[in-house]
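Notes follow once the structure below has been shown.
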Amino acid sequence: MLTDRQILDVRSHFPLLREKTYLYNCSQGALSDAVHGALMDYAQSWRRSMDPWRDWVGAYEALRAEFARFIGAEPDEVAIVTSASAGINPIANAMDFSKRNRVVLGEYEFPTMGHIWLAQRPRGAEIQFLKGVGDSLPLDLYERSIDERTCVVPLTQVSFVNGFRADVAGITKIAHERGALVFLDGYQDCGTRPMNVKALDVDFFVTGTLKYLLGPPGLGFLYVRRSLVETLTPTLTSWMAQRDVFAFDTQHLDPAPAARRFEGGTPPIPNIYMALAALQFLQQIGMENVAAQVEHLTHGFVAGAQKLGVSSKTPADTVGPLVVLRSRDAGAMVVRLAARGIALSARRDGVRFAFHVYNTMEDVETALQSLAENLDLMVRE
Ligand SMILES: Cc1ncc(COP(=O)(O)O)c(C=O)c1O
């Protein structure tokens with residue numbers, strides 16, 4: 001666990017934190033000087049170089065290797081994409097629904113996960129949404145729903161709408177016993193704790209950089225288990241997804257024998273520069289340290305909200321990073337607290353408090369104090 005002095009040091013790299021209580025991390029992480037510097041480096045390379053793509057291709061492959069390390073995968077299992085949707089789509093579109101056609105997913109998935117699989121219905125997919133029970137999706141719901149007709153289980157690691165954390169290991173075990181694949185969406189978790197896709201044994205993993213990875217919008221990652229890569233031939237493809245990109249062979253389709261086969265066209269180089277700096281910044285802090293700080297703050301906040309009698313959508317035993325409290329008018333609450341310099345976000349009837357390593361117990365106290373002064377907008381227990 002980091003000391004207070006070390007947390008202050010981390011905070012000193014984020015100019016915004018000098019002025020604001022920033023709990024907006026589930027929507028967008030704050031900008032560090034490291035990431036800002038990387039954007040400037042990109043601009044310089046463009047301004048100065050006679051052959052900038054030489055540097056840029058190097059950065060693109062360096063990012064692939066860095067992210068692979070970050071999640072315990074191999075670089076050839078990682079595709080660099082421009083959003084989570086751009087990672088999910090080529091897999092969904094490559095899937096064969098002729099033998100197994102059922103897609104089983106919970107109602108707390110991010111909308112894009114629902115939409116992409118629903119769009120596969122004309123190709124034969126049958127989509128089953130599991131209904132939550134009091135803001136949770138117990139394991140036995142999956143136990144009862146996954147069967148020999150199930151081809152894939154899309155799964156949000158932490159839900160954007162209520163902070164519910166899925167039992168990834170339990171669900172994956174059930175899915176695999178019944179021959180189904182698991183597609184984990186880690187967007188609301190990745191960057192807040194150590195991640196190892198091999199230990200979790202998931203088949204696909206998608207995330208993006210703009211939230212807890214403290215990077216920019218317009219960049220995501222898709223992990224595909226090595227043994228699955230060549231069993232899936234993408235119908236959404238590009239020249240950058242081919243075995244030999246620089247063959248410039250317009251008349252032959254020859255997908256790369258690596259996860260790169262799922263990539264779109266020219267990669268977003270400015271975002272790649274920034275994402276590389278962001279990943280290195282987090283790794284320097286240490287992901288165990290990040291997780292410990294997020295858990296510490298979450299526990300403090302949940303205990304304070306309970307004392308105030310505010311109803312929570314997130315289970316009380318949560319370790320974070322997202323705590324969602326019920327509000328009579330979540331949008332109005334966000335506007336009120338923004339006027340006091342507290343950055344939050346709203347989804348449906350929930351106000352979202354999202355903690356990261358750069359937040360402090362003072363932030364927690366500031367948020368609780370503002371809650372106490374605005375209880376008229378909150379739902380009480
Ligand atoms: C769980 C989850 N998945 C995916 C996304 C975003 O998807 P995309 O990168 O396709 O916009 C979000 C963004 O809020 C999210 O919370």
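In what follows, every heavy atom counts, from backbone to side chain, and hydrogens, waters and symmetry copies are set aside. Sequential numbering from 1 along the given sequence is applied to the chain's residues. We count ligands from 1, going down the list as the structure has it; atoms in each ligand are counted the same way.
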- Per-atom contacts, ligand 1 versus Tyr187 - under 4.0 Å to a heavy atom: 1 (C), 2 (C), 3 (N), 4 (C), 5 (C), 6 (C), 9 (O), 12 (C), 15 (C)
- A student checking ligand 1 against Phe160 at a 4.0 Å heavy-atom cut-off should list atoms 16 (O)
- Item | Proximal ligand 1 atoms for Gln188, defined as those under 4.0 Å from one of its heavy atoms | 1 (C), 16 (O)
- Query: To which protein heavy atom is atom 9 (O) of ligand 1 closest, and what is the distance rounded to 0.1 Å?
  - Reply: Ala84 N, 2.8 Å
- Message: Is the distance between the ring centroids of Tyr187 and Phe110 under 6.0 Å?
- Response: no
- Which of the numbered atoms in ligand 1 are below 4.0 angstrom from a heavy atom of Ser83? 8 (P), 9 (O), 10 (O)
- Message: Which label fits Trp56 and Tyr42: parallel for a plane angle under 30°, tilted from 30 to 60°, or perpendicular past 60°?
- Response: tilted
- Close-contact set for ligand 1 against Ser85 heavy atoms, below 4.0 Å: 8 (P), 10 (O)
- Between Arg11 and Asp4, is there a side-chain N and carboxylate O pair less than 4.0 Å apart? no
- Message: Tell me the protein heavy atom at minimum distance from atom 3 (N) of ligand 1, and give that distance in Å.
- Response: Asp185 OD2, 2.7 Å
- Message: Checking salt bridge (charged side-chain N to carboxylate O under 4.0 Å, His left out) between Arg64 and each of Glu263, Glu77, Glu74, which is the one that passes?
- Response: Glu263
- Sidechain N-carboxylate O distance under 4.0 Å for Asp189, Arg193: yes
- Task: Check the angle between the aromatic planes of Phe221 and Phe67 and answer parallel, tilted or perpendicular using the 30° and 60° thresholds.
- Result: parallel
- Message: I'd like to know if Lys211 contacts ligand 1, where contact means a heavy-atom distance under 4.0 Å to any ligand atom.
- Response: yes
